[in-house]
Amino acid sequence: MPELPDLNHFASNLNKLVAGKTVEYVEVLNTSKLKVPKEALKKGLEKQQLTEVERVGKELHFKFSNGNVLGLHLMLNGKLYYFDGKSNQKYKIIELLFGDETGLVLADFQGMANATLNPEEKDAPDALSATINYKFLKETLQSRASIKNLLLDQHVIRGIGNAYADEILWDAKISPFSIANKIPDDKIKALVRSIKEVLVDAEKQIKKSHSDIIAGEIRDFLKIHNAKKKESPTGSPIYNKVVSSRKTYYTDEQELYK
DNA sequence: AGAAATGTTGCGCT
DNA sequence: AAGCGCAACATTTC
């Protein structure tokens with residue numbers, strides 16, 4: 001699935017593509033994951049101008065001139081398609097039809113992607129927000145949880161997924177199996193840096209190789225969480241281990257604190 | 001051809 | 001009793 005850097009890139013491309021357009025009609029094709037009544041969603045968005053698209057955590061927020069926000073979560077396999085005239089996707093969930101005959105559709109073969117009107121503000125800070133500093137992480141890491149599980153917990157920090165958790169922990173040279181409250185202060189500082197650097201750098205790479213995309217995921221440049229790579233950039237063999245049914249990639253270069 | 005991939009939720013176990 | 005693991009969701013992509 002797309003993770004934070006992909007979603008940031010999509011948001012910036014969506015701004016170029018559809019910001020300023022007016023939604024004439026909203027078609028809701030799959031209500032199973034819809035978090036508000038279908039009619040409320042239509043009423044809240046139709047005839048409104050889309051002013052801005054923003055990524056918040058792993059969601060995309062579409063902001064409208066009447067103050068309403070359409071929140072989309074792509075989950076594992078949700079994809080957005082821009083079209084002119086008529087969309088011909090399978091597994092459609094929601095479609096926005098603009099006044100100029102173009103449109104945007106969210107489709108997902110698993111039907112897990114979802115839409116909501118005016119998503120509630122969450123307490124957990126976004127991974128790229130200024131709140132993620134040494135003081136915040138020091139407090140947050142007062143836990144016996146493993147550091148990787150903590151980074152993945154959206155109630156703690158919003159936006160980090162499985163692949164980037166591995167990339168960030170390798171960058172900070174901390175083993176994913178480390179217990180959070182055993183990680184020394186200088187490593188917490190390294191972690192603050194790595195969270196920002198890895199995510200910001202990834203978005204740059206995606207932008208460079210796939211400048212116009214609004215769907216999919218680009219991960220061929222990942223250094224550690226990458227099935228095709230045998231060694232880290234510094235020559236250590238990459239191991240992987242299934243932890244709670246997802247793969248964790250790591251090397252011996254990462255210190256284990258227990 | 002058959003496995004791998006992936007977020008979230010909710011539940012049961014320790 | 002906090003934290004972990006697992007199942008379910010369903011199909012595409014390698």
Side-chain angles (χ1 to χ4, degrees), chain A residues 1-11 29-36 55-61 71-81 88-94 105-116 119-120 122-124 126-127 139-169 175-183 199 202 206 210 213 215-230 238-250 256-258:
Chain A
M1 81 149 286
E3 290 201 26
L4 186 150
D6 303 286
L7 293 169
N8 255 359
H9 186 51
F10 300 165
L29 300 114
N30 179 345
T31 54
S32 65
K33 289 285 191 312
L34 194 65
K35 297 181 179 169
V36 290
R55 178 202 58 81
V56 181
K58 295 183 189 177
E59 294 175 352
L60 291 173
H61 287 186
L72 298 185
H73 196 310
L74 305 183
M75 295 296 282
L76 297 180
N77 291 289
K79 285 194 173 76
L80 287 168
Y81 300 92
N88 59 345
Q89 297 306 318
K90 286 161 86 177
Y91 315 109
K92 293 194 274 195
I93 295 188
I94 185 173
V105 61
L106 170 65
D108 180 359
F109 65 77
Q110 279 187 97
M112 286 160 58
N114 58 77
T116 188
E120 53 183 309
K122 307 274 181 19
D123 289 337
D126 190 88
E139 274 167 35
T140 302
L141 267 54
Q142 300 308 311
S143 155
R144 298 199 305 275
S146 87
I147 185 63
K148 182 171 177 185
N149 283 346
L150 216 56
L151 290 181
L152 288 176
D153 188 342
Q154 303 300 302
H155 305 290
V156 174
I157 298 175
R158 302 186 68 201
I160 299 174
N162 192 40
Y164 285 99
D166 288 350
E167 293 295 307
I168 288 165
L169 288 169
S175 161
F177 309 111
S178 293
I179 306 302
N181 64 15
K182 302 288 193 248
I183 296 174
L199 296 175
I206 294 165
H210 295 76
I213 57 170
E217 66 193 5
I218 312 300
R219 331 179 68 139
D220 47 6
F221 59 86
L222 296 188
K223 296 173 177 152
I224 303 299
H225 190 101
N226 192 327
K228 291 194 181 118
K229 293 192 176 150
K230 298 261 181 291
I238 297 173
Y239 311 120
N240 71 71
K241 189 172 166 29
V242 175
V243 182
S244 39
S245 61
R246 4 159 240 258
K247 237 171 207 177
T248 289
Y249 292 83
Y250 61 100
L256 176 61
Y257 303 99
K258 257 191 184 304

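Lettering of chains follows the sequences in order, A, B, ..., and the numbering in each one begins at 1.
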Regarding A/E3, tell me which of base, sugar-phosphate or nothing describes its non-hydrogen contacts under 4.0 Å with the strands shown.
sugar-phosphate
Touch class at under 4.0 angstrom, heavy-atom based, for A/Y249 against every strand present:
sugar-phosphate
Is [X] near enough to [N] that one of its side-chain N or O atoms lies under 4.0 angstrom from OP1 or OP2?
X: A/H73; N: B/dG7; answer: no
X: A/R246; N: B/dA4; answer: no
X: A/K247; N: B/dA4; answer: no

Partners passing side chain to side chain donor-acceptor pair (under 3.5 Å) against A/S245 (at least two apart in sequence or in another chain):
none
Please say whether more than 12 non-hydrogen atoms of neighbouring residues, nucleotides or ligands are located less than 6.0 Å from CD in A/E120.
no
Report, as yes or no, whether the 6.0 Å neighbourhood of atom NZ on A/K182 holds more than 12 heavy atoms from other residues, nucleotides or ligands.
no
In sequence, state the C-alpha distance, the side-chain angles, and the governing distance for A/D6 and A/R219, and then conclude on salt bridge (Lys or Arg N to Asp or Glu O under 4.0 Å).
CA-CA 9 Å; A/D6 303 286; A/R219 331 179 68 139; over 6 Å; no
So, using ring-ring contact (aromatic ring centres under 6.0 Å, His included) as the criterion, who are the partners of A/Y91 when residues are at least two apart?
none
Does A/R55 come within less than 4.0 Å of A/D126, counting only side-chain N to carboxylate O?
yes
So among A/R158, A/M75, A/Q154, which one has a side-chain contact (heavy atoms from CB on, under 4.5 Å) with A/K58?
A/Q154
Option from A/H225, A/K229, A/K230, A/K223 for which side-chain contact (heavy atoms from CB on, under 4.5 Å) with A/I238 holds
A/K229
Roughly, in whole Å, what's the span from CG in A/D108 to C1' in B/dT6?
11 Å
For each nucleotide in nucleotides 4-14 of chain C, reading 5' to 3', give B when a protein heavy atom comes within less than 4.0 Å of its base, S when such contact involves only the sugar-phosphate, and - otherwise.
SSS--BBBS--
In B/S/- notation (B base, S sugar-phosphate only, - none; protein heavy atoms under 4.0 Å), nucleotides 9-14 of chain B written 5' to 3' is ------
Heavy-atom distance under 4.5 Å between the side chains of [X] and [Y], does that happen here?
X: A/K122; Y: A/E59; result: yes
X: A/L72; Y: A/L80; result: yes
X: A/T248; Y: A/D166; result: yes
X: A/D108; Y: A/K33; result: no

Atom pair CG/CE of A/L74 and A/M112 - distance to nearest 0.5 Å
11.5 Å
Interface residues of residues 156-166 of chain A with DNA chain B (non-hydrogen, below 4.0 angstrom):
A/G161, A/N162
Intra- and inter-strand pairing of DNA chain B, written as dot-bracket with Watson-Crick and G-U pairs under 3.5 Å and | for the latter, reads .||||.||||||||
